[in-house]
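Worksheet for the structure shown next.
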Amino acid sequence: VQLQASGGGLVQAGGSLRLSCAASGRTLSRYVVGWFRQAPGKEREFVAVSSWTGGSTYYADSVKGRFTISRDNAKLTVYLQMNSLKPEDTGVYYCAAGRSPYYSDYSSYNYWGQGTLVTVSS
(Lines give C-alpha, C1' and ligand atoms only; values in the text may rest on other atoms or scores of the structure.)
Protein backbone atom coordinates (compact mmCIF):
# COMPACT_ATOMS: atom_id res chain seq x y z
CA VAL A 1 0.00 0.00 0.00
CA GLN A 2 1.32 3.42 -0.94
CA LEU A 3 -0.11 6.35 1.00
CA GLN A 4 0.00 10.03 0.17
CA ALA A 5 -1.10 12.66 2.64
CA SER A 6 -2.19 16.09 1.48
CA GLY A 7 -4.20 19.10 2.55
CA GLY A 8 -1.87 20.73 5.01
CA GLY A 9 -1.20 24.43 5.07
CA LEU A 10 -1.12 27.59 7.12
CA VAL A 11 -4.27 28.52 9.01
CA GLN A 12 -5.14 30.88 11.81
CA ALA A 13 -6.18 29.61 15.19
CA GLY A 14 -9.84 28.69 15.15
CA GLY A 15 -9.73 27.76 11.50
CA SER A 16 -10.23 24.44 9.76
CA LEU A 17 -8.37 22.13 7.42
CA ARG A 18 -9.18 18.79 5.88
CA LEU A 19 -6.36 16.36 5.34
CA SER A 20 -6.59 13.53 2.86
CA CYS A 21 -4.74 10.24 2.77
CA ALA A 22 -4.93 8.62 -0.64
CA ALA A 23 -3.95 5.00 -1.08
CA SER A 24 -2.74 3.20 -4.13
CA GLY A 25 -1.33 -0.18 -4.93
CA ARG A 26 -3.80 -2.13 -2.89
CA THR A 27 -7.27 -1.74 -1.59
CA LEU A 28 -7.50 0.17 1.65
CA SER A 29 -10.70 -1.49 2.74
CA ARG A 30 -9.08 -4.14 4.95
CA TYR A 31 -6.68 -1.81 6.73
CA VAL A 32 -6.92 0.18 9.89
CA VAL A 33 -5.84 3.73 9.11
CA GLY A 34 -4.48 6.17 11.63
CA TRP A 35 -3.29 9.75 11.69
CA PHE A 36 -0.25 10.79 13.67
CA ARG A 37 1.54 14.09 14.00
CA GLN A 38 4.97 15.27 14.94
CA ALA A 39 5.78 18.74 16.17
CA PRO A 40 9.33 20.10 15.93
CA GLY A 41 11.50 18.59 18.63
CA LYS A 42 8.78 16.25 19.82
CA GLU A 43 7.96 12.61 19.34
CA ARG A 44 5.36 11.41 16.92
CA GLU A 45 1.99 11.20 18.61
CA PHE A 46 -1.29 9.51 17.88
CA VAL A 47 -4.15 11.69 16.64
CA ALA A 48 -6.98 9.50 15.36
CA VAL A 49 -7.71 6.05 13.99
CA SER A 50 -10.44 4.42 11.94
CA SER A 51 -11.27 0.74 11.71
CA TRP A 52 -11.32 -0.72 8.23
CA THR A 53 -15.09 -0.34 8.01
CA GLY A 54 -15.05 3.16 9.44
CA GLY A 55 -17.49 2.00 12.05
CA SER A 56 -15.08 2.47 14.92
CA THR A 57 -13.01 5.54 15.49
CA TYR A 58 -10.85 6.72 18.33
CA TYR A 59 -9.20 10.04 19.09
CA ALA A 60 -6.48 11.45 21.23
CA ASP A 61 -7.92 13.47 24.10
CA SER A 62 -6.24 16.59 22.76
CA VAL A 63 -8.29 16.53 19.54
CA LYS A 64 -11.51 14.90 20.67
CA GLY A 65 -14.51 16.96 19.67
CA ARG A 66 -12.50 19.01 17.16
CA PHE A 67 -11.17 16.43 14.69
CA THR A 68 -13.11 13.83 12.75
CA ILE A 69 -11.66 10.89 10.87
CA SER A 70 -13.64 9.36 8.04
CA ARG A 71 -12.97 7.13 5.11
CA ASP A 72 -14.27 6.40 1.66
CA ASN A 73 -13.02 2.95 0.78
CA ALA A 74 -14.39 3.22 -2.74
CA LYS A 75 -12.12 6.21 -3.27
CA LEU A 76 -9.25 4.64 -1.32
CA THR A 77 -9.10 7.78 0.78
CA VAL A 78 -9.18 8.58 4.47
CA TYR A 79 -9.87 12.09 5.69
CA LEU A 80 -9.09 14.06 8.80
CA GLN A 81 -11.35 17.04 9.27
CA MET A 82 -9.73 19.44 11.71
CA ASN A 83 -11.81 22.23 13.21
CA SER A 84 -11.12 24.82 15.89
CA LEU A 85 -7.43 24.48 15.26
CA LYS A 86 -4.98 25.59 17.91
CA PRO A 87 -1.31 26.57 17.65
CA GLU A 88 -0.43 23.36 19.49
CA ASP A 89 -1.90 21.39 16.58
CA THR A 90 1.04 22.52 14.47
CA GLY A 91 3.17 19.72 13.09
CA VAL A 92 3.68 17.29 10.28
CA TYR A 93 0.70 15.00 9.95
CA TYR A 94 1.18 11.46 8.76
CA CYS A 95 -1.31 8.82 7.78
CA ALA A 96 -0.50 5.18 8.35
CA ALA A 97 -2.14 1.85 7.62
CA GLY A 98 -1.89 -1.58 9.11
CA ARG A 99 -3.77 -4.85 9.25
CA SER A 100 -4.14 -4.98 13.01
CA PRO A 101 -2.04 -2.30 14.66
CA TYR A 102 -2.34 -1.22 18.24
CA TYR A 103 -4.16 1.99 17.49
CA SER A 104 -1.82 4.45 19.19
CA ASP A 105 1.48 2.66 18.64
CA TYR A 106 3.00 4.09 15.50
CA SER A 107 5.58 1.29 15.32
CA SER A 108 2.80 -1.24 14.76
CA TYR A 109 1.64 0.33 11.50
CA ASN A 110 3.09 -1.12 8.31
CA TYR A 111 2.65 1.64 5.75
CA TRP A 112 3.22 5.38 6.00
CA GLY A 113 2.56 8.42 3.88
CA GLN A 114 5.13 11.15 3.47
CA GLY A 115 3.48 13.68 5.78
CA THR A 116 1.82 17.03 5.26
CA LEU A 117 2.68 20.14 7.25
CA VAL A 118 0.00 21.92 9.26
CA THR A 119 0.87 25.30 10.74
CA VAL A 120 -1.59 27.06 13.01
CA SER A 121 -0.79 30.68 13.77
CA SER A 122 -1.99 32.43 16.90
Side-chain angles (χ1 to χ4, degrees):
V1 178
Q2 291 83 46
L3 302 174
Q4 183 164 357
S6 62
L10 173 64
V11 64
Q12 288 188 334
S16 298
L17 284 174
R18 188 176 80 157
L19 305 184
S20 298
C21 176
S24 61
R26 193 173 297 182
T27 180
L28 199 60
S29 62
R30 296 289 178 175
Y31 288 84
V32 172
V33 177
W35 284 95
F36 292 78
R37 66 187 181 190
Q38 188 164 17
K42 295 187 177 181
E43 292 190 356
R44 192 168 299 190
E45 65 173 357
F46 166 75
V47 175
V49 65
S50 169
S51 65
W52 65 269
T53 64
S56 295
T57 57
Y58 193 76
Y59 300 89
D61 288 342
S62 59
V63 307
K64 202 172 295 183
R66 300 187 297 122
F67 290 12
T68 302
I69 187 171
S70 62
R71 63 193 296 163
D72 186 336
N73 286 336
K75 295 183 178 179
L76 304 182
T77 303
V78 177
Y79 305 97
L80 185 69
Q81 177 66 44
M82 306 187 297
N83 299 328
S84 302
L85 283 161
K86 304 175 181 180
E88 51 264 42
D89 294 319
T90 293
V92 178
Y93 282 68
Y94 299 90
C95 59
R99 285 286 189 171
S100 56
Y102 184 73
Y103 71 94
S104 62
D105 179 6
Y106 66 81
S107 68
S108 64
Y109 287 77
N110 305 108
Y111 306 99
W112 287 85
Q114 84 289 359
T116 184
L117 177 62
V118 172
T119 304
V120 184
S121 62
S122 58

- Mind checking what makes ring pair (Phe, Tyr, Trp, His ring centres under 6.0 Å) contact with W112, not counting sequence neighbours? F36
- Item | Which residues share a ring pair (Phe, Tyr, Trp, His ring centres under 6.0 Å) with Y59, sequence neighbours left out | none
- Query: Judged by atom type as modelled, is there a donor-acceptor pair below 3.5 Å linking the side chain of T119 to the main-chain atoms of T90?
  - Reply: no
Would you give the length of the straight line joining atom [atom1] of [X] to atom [atom2] of [Y], rounded to the nearest 0.5 angstrom?
X: L76; Y: R71; atom1: CG; atom2: CZ; value: 10.0 Å
X: R30; Y: T53; atom1: CZ; atom2: OG1; value: 10.0 Å
X: W35; Y: L19; atom1: CH2; atom2: CG; value: 4.5 Å
X: S122; Y: K86; atom1: OG; atom2: NZ; value: 14.0 Å
X: S84; Y: F67; atom1: OG; atom2: CZ; value: 9.0 Å

Taking side-chain hydrogen bond (donor to acceptor under 3.5 Å, both in side chains) as the definition, give me every residue that meets it alongside [X], ordered by chain and number, with sequence neighbours left out.
X: D89; answer: R37, R66
X: S24; answer: none
X: T57; answer: none
X: S100; answer: none

Non-neighbouring partners of [X] that pass side-chain contact (heavy atoms from CB on, under 4.5 Å), sequence neighbours left out:
X: V32; answer: V49, P101, Y109
X: N83; answer: S16, Q81
X: Y79; answer: R18, S20, S70, D72, K75, T77
X: V92; answer: Y94, L117

- Query: Counting only heavy atoms not in Q38, do more than 12 fall under 6.0 Å of its CD?
  - Reply: yes
Is there a path from [X] to [Y] through hydrophobic residues (I, L, V, M, F, W, Y) whose side chains come within less than 4.5 Å of each other?
X: Y106; Y: Y58; answer: yes
X: W52; Y: Y103; answer: no
X: F46; Y: I69; answer: no

- L17 and V118 have their tightest heavy-atom pair at CD1-CG1, 3.9 Å
- Minimal non-hydrogen separation, A23 against L3, with atom names: CB-CD2, 3.8 Å
- Message: Show me the pairs that pass disulfide bond (SG atoms under 2.5 Å apart) and involve residues 8-60, at least two apart or across chains.
- Response: C21-C95
- salt bridge (Lys or Arg N to Asp or Glu O under 4.0 Å) pairs touching residues 51-65, sequence neighbours excluded, are D61-K64
